[in-house]
Number of protein chains: 2
Amino acid sequence: MARKQGSHSDITGPKVRAAALRLIARHGCAAVSMRQIAAEVGVQAGALYNYTSDKQTLLFDLMRRHMEKLLAAYDETLITGTPTEQLRAFTLFHIRYHLPRRDEVFVSYMELRNLSPENFLVVEGLRRNYEDALEGILKAGEADGSFTLPDRKVTVLSLIAQLTGITNWYRDDGRLTQEQVEDIYCDLVLRTVSAPR
Amino acid sequence: MARKQGSHSDITGPKVRAAALRLIARHGCAAVSMRQIAAEVGVQAGALYNYTSDKQTLLFDLMRRHMEKLLAAYDETLITGTPTEQLRAFTLFHIRYHLPRRDEVFVSYMELRNLSPENFLVVEGLRRNYEDALEGILKAGEADGSFTLPDRKVTVLSLIAQLTGITNWYRDDGRLTQEQVEDIYCDLVLRTVSAPR
DNA sequence: GTCTATAATCGGATAGAC
DNA sequence: GTCTATCCGATTATAGAC
């Protein structure tokens, strides 16, 4: 079990981010020490500085990577058809992407306040891109008469809050399967964009 | 400006909680030191321990008080009429109570993970009481046919996430007044409980 | 009730050996 | 690339004077 010295750049880098993400999601950035992260990875604290210039940058990397991977995954998802079909596809994508990534979701939202102003703007910009994607779908639906909205931008924020909130309570061994939750939210989302009778 | 020694129990206690709330909301519990809180109040760090046995208890007090005051305020609010009228009253109450208390909302949600297991159960129980109030309204609406819901409990969580999310983006000097936001959300909430055409 | 002083520990980050 | 050792400052909480 003795740990050898040597080169493990390719594997240690991801392990550092994984450990940091898990610990920060659990306890908060300020509550987690570099020593704890190092222990989780299986190295000494000093070794972490081969992978990040400091703790702030490590946190920023976690958040920036999460948002960039989210946007990349969204771009690879086919969102086609009528606005109603697109909105349903967006809803399913959002749930399926976020539910297995609760630590990323929690950290990316919760630790925004601990970013430097420049880093905050970067993450904020990426988040805005994602909101714009949903806004585009709503706009198309308003244009062709599929959707009637009280306010498009507020509806975007409301829908995302509603959907992301699932990560706070869903349990694999809970009352509902993920598929059932998806169906319920597709229903709720479509109601939101339909004018009341 | 010299600060005198003396008795200020009645006034210092609330000042400690106010300072702690503001700082913890801004930076997170672990990132805020007792010295910073004391400095904000205008006393030395040691004096804080006349008002709390330790940092954990101070945090817990903030969260418990917030939830208890929320429930007390809700109990004093007249929620009457048809289920639709009750749901509208709940929506307005929720927005109007939470929007001026963003620090409380943020801390009570964000710092749950930093509570001891016993303290967590207390806060969780209070939060549950509030959710039950909304569930009661939805149940009444289902019973008399006003509402049609895919799943009552999921709808409760979805509505609260949707409404509480307002605290993350609303700005007094923004595009919309609070009154306009209230109208928009009353509309969105009522759509959620109405079966699609 | 508040102050000053202090105990005991832990924090981020760096230097140099291997 | 990792380790050990270390600098130096900050942390919570307590003790005793006033």
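In what follows, chains carry the letters A, B, and so on, assigned in the order in which the sequence lines appear, proteins first and then strands, with residues in each chain numbered from 1.
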Mind checking whether B:Y130 and B:H94 have ring centres under 6.0 Å apart?
yes
So, B:Y97 versus B:Y74, ring centres under 6.0 angstrom or not?
no
Okay, side chain of A:R35, backbone of A:Q44: is any donor-acceptor separation there less than 3.5 Å?
no
Does a donor on one side chain sit under 3.5 Å from an acceptor on the other, for [X] and [Y]?
| X | Y | value |
| --- | --- | --- |
| B:E111 | B:N114 | yes |
| A:Q36 | A:E40 | no |
| B:Y109 | A:N168 | yes |

[N] phosphate, OP1 or OP2: any side-chain N/O from [X] under 4.0 angstrom?
| X | N | answer |
| --- | --- | --- |
| B:S33 | D:dT11 | yes |
| A:Q44 | D:dT4 | yes |
| A:T12 | D:dT2 | yes |
| B:Y49 | C:dG1 | no |

Within this structure, what is the [atom1]-to-[atom2] distance between [X] and [N], rounded to whole angstrom?
| X | N | atom1 | atom2 | answer |
| --- | --- | --- | --- | --- |
| B:M34 | D:dT11 | CE | P | 12 Å |
| B:D54 | D:dT11 | CG | P | 17 Å |
| A:I11 | D:dT2 | CD1 | P | 11 Å |
| B:L48 | C:dT4 | CG | C1' | 15 Å |
| B:Q36 | D:dA13 | CD | P | 15 Å |
| B:I37 | D:dT11 | CD1 | C1' | 12 Å |

Sub-4.0 Å heavy-atom contacts from residues 16-32 of chain B onto DNA chain C, ordered by number:
none
Please figure out whether A:R35 or A:N50 has its closest DNA chain D nucleotide nearer the 5' end.
A:N50
Between B:F60 and B:R64, is there a cation-pi geometry (under 6.0 Å to ring centre, at most 45° from the normal)?
yes
